[in-house]
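Hydrogens, waters and symmetry mates are skipped; everything else that's a heavy atom, side chains included, is used. So you know, we letter chains A, B, ... as the sequences are listed, proteins then strands, and number each from 1. Everything quoted here is computed from the prediction, not taken from an experiment.
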Amino acid sequence: MLFHFPFLVQIEIISQLDTFERFILCLCSKKSKRLVQNVLPDFDATVIDMGKSCLKIQRNGEKSKDLILWGTYENPKDDFTRTFYWNRGIWIKFKGNIVKCRISIHPTSGLPVFWFHSDHRKIVPLALHDAICKMFKISNKLQIISDLLEFPNIEVVDNFKETGYSLPSADQYEEFFSNVTIKNCASLVTWCSFNNRKINAEDIGPNLIKTNHLVCCNSDWLTEDWLFKFEGKSAIFYNVVELNNESVISLTKKWIDGKFPSLISLMIGLGSTSEDQNFFDKDKILENFETFPWNPNERAARFKYPSSATQKVDKDILDCSQEVDIKRNCDGLLATVIVEPFWFQFFVWHEPFAVSIPRTCKDPFTNKTFFEYGDLEF
Amino acid sequence: MSVENAPVVDVDEAAIPVEKKMYYRFESNDKKEFRVSELAIQQSETLNRLVEAMGYTSEDVENKPAIAIENIDGKTLKLVFQWCEHHKGEAIPVDDGSVPKIVEIPEFDAKLMDIDNGLLFKLIWAADYLNIVQLLNVSCKKVANMAQGKTPAQLRRVYLLPSDEEDEAAKRAAQEAQDPRAREVEEEFEERKRQGGNSFF
């Protein structure tokens, strides 16, 4: 029926199908796949969400939406629609692995559900991502939301958001980060000290120091040495315990000397230790540098934050109209230095007059307004 | 007051809006005739251009033969003109290129399209041929809705999609029909391969 219509009618029908329906149609035959490829996709990236067992799609800068679900035969949690399999299995080939899957349709969302043996749970999501990218001819940018235990079998990813449970030992963290390279953005939440010892910053260094945008919620492992080796564009370290006034003075001096050529933004938030509470002394830090108040002829009032994972705060921390700048002579770059007792911000003005408009959102439960910065959503 | 005694008022006839009430006559390929209002015809770009080009007067419409629509049957054309009359005067939608395209099927259209797949198929053909944008949108939406909640196997049945093997066989058959020697050449090629030759030429 479909192929008996004039071509433009076929295209009209395809363009009215939802994305997951177009995906199912692609699975029917080579000819139907070619037909679907005539309609531009309504997304430009995928997100593998291991926690939700879901492959999502997103249009640049927008929230992702679910496209394909998966479940394993052995997992009792994955009991949705298990009895209504497609009677034919399909073979998924990916990097030398061949996995047999079966398909059912989720009863409420209508999304396809891929079923396979749990041995393949770290491969199939990657295979589905690969298939979707080829099917809809989009970039194969790899974005993963996962805890470190369930992380798929891959060594290089573009964006990674850590969720869920932490690994049971420091050794496993070190092993993970020595094996996996996160190229663009890493948002890490569950790092923490273990009873026996902290994560060794040196051991996780080589891969992570090159990550463009880094957000670490628990940074008790962060040392001065590691920070000074950072080669990325932006970093936010929460709950830092090893750094102090001298650390940020040294860091700023190194920047003035021409180090950190890629750095755009650095934020360091201090956490408390059991011994004593560390804090930054604004006067003590700034007295080491020649500072200038904001000059509207030299830079804009508001800093344009790089494209990192979105963060929410209760004040507009990018407003630099009341803050002081330092300048480095080697390339004439300005940097704004903001020091608060538990918070250090360092913004480098590579584009002094880039447009930066505040973004706000409301917490649906408290109705409180938050400022958002960083526009990388996935 | 009698009609004779009514005051005579001069009326500027040009100031009175004249309602277009011309009805065109169309004939399907099975000789069924339909009378369709001028406003309803505007939903079809093809028919609208046709009647504009013909430049018929009211007398022409009555006296000349009905306009023949050669490749649409009466049953389908009836649905098409019912739809056009119901939606006459409505703006013709412009495609904004969004995917998936959002189309809602109004209640009238849903009832009109409560038909078997064969007739729906003809209706879509007619909407495409007569370039009735919104009818094509809603009828394609009806076909798109058939994909909801279907596995690949079910979708194949619903859309009558041939498998890869069937496509290959159809392609070979088409080639052979076009060039009867193709089969011989292919067999010769296979034979040479069996004999260990690497190249056909």
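In this structure, chain B has heavy atoms under 4.5 Å from both the backbone and the side chain of A:Leu25. Contacts of B:Asp167 with chain A are made by side-chain atoms alone, with heavy-atom separations under 4.5 Å and no backbone atom involved. Heavy-atom distances place the backbone of B:Lys150, and not its side chain, under 4.5 Å from chain A. Heavy atoms closer than 4.5 Å to chain B are found in the backbone of A:Leu40, but not in its side chain.
Panel note: side chain A:Asp18, backbone A:Phe20; no donor-acceptor pair is recorded below 3.5 Å. Judged purely by atom type and a 3.5 angstrom limit, B:Gln154 uses its side chain to pair as donor or acceptor with the backbone of B:Thr151.
Contact count versus chain A (heavy atoms, under 4.5 Å) is highest, among B:Asp95, B:Leu160, B:Val99, for B:Val99. Among the candidates B:Asn145, B:Asn117, B:Val103, the residue making the largest number of heavy-atom pairs closer than 4.5 Å to chain A is B:Val103.
Heavy-atom neighbours of chain B within the stretch residues 2-12 of chain A, taken at a separation under 4.5 angstrom, comprise A:Leu2, A:Phe3, A:His4, A:Phe5, A:Pro6, A:Val9, A:Glu12.
Remark: B:Arg35 engages B:Glu62 in a salt bridge, criterion side-chain N to carboxylate O under 4.0 Å. With respect to A:Asp49 and A:Lys56, a salt bridge is recorded, a charged nitrogen being found less than 4.0 Å from a carboxylate O. By the 4.0 Å N-to-carboxylate-O rule, A:Asp66 lies close enough to A:Lys52 to be salt-bridged with it.
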Could you pull out every donor-acceptor pair under 3.5 Å between side chains of residues 122-136 of chain B and any protein atom, sequence neighbours left out?
{"from": "B:Lys122", "atom 1": "NZ", "to": "B:Asp73", "atom 2": "OD2", "distance (Å)": "3.0"}
{"from": "B:Asn131", "atom 1": "ND2", "to": "B:Glu45", "atom 2": "OE1", "distance (Å)": "3.2"}
{"from": "B:Gln134", "atom 1": "OE1", "to": "B:Asn137", "atom 2": "ND2", "distance (Å)": "3.1"}

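There is no side-chain donor-acceptor pair under 3.5 Å between A:Asn184 and A:Asp158. Using modelled atom types, one finds a donor on one side chain and an acceptor on the other under 3.5 Å when comparing B:His87 with B:Asp109.
Put simply, the side chain of B:Tyr24 does not reach to within 4.5 Å of the side chain of B:Leu47, judged on heavy atoms.
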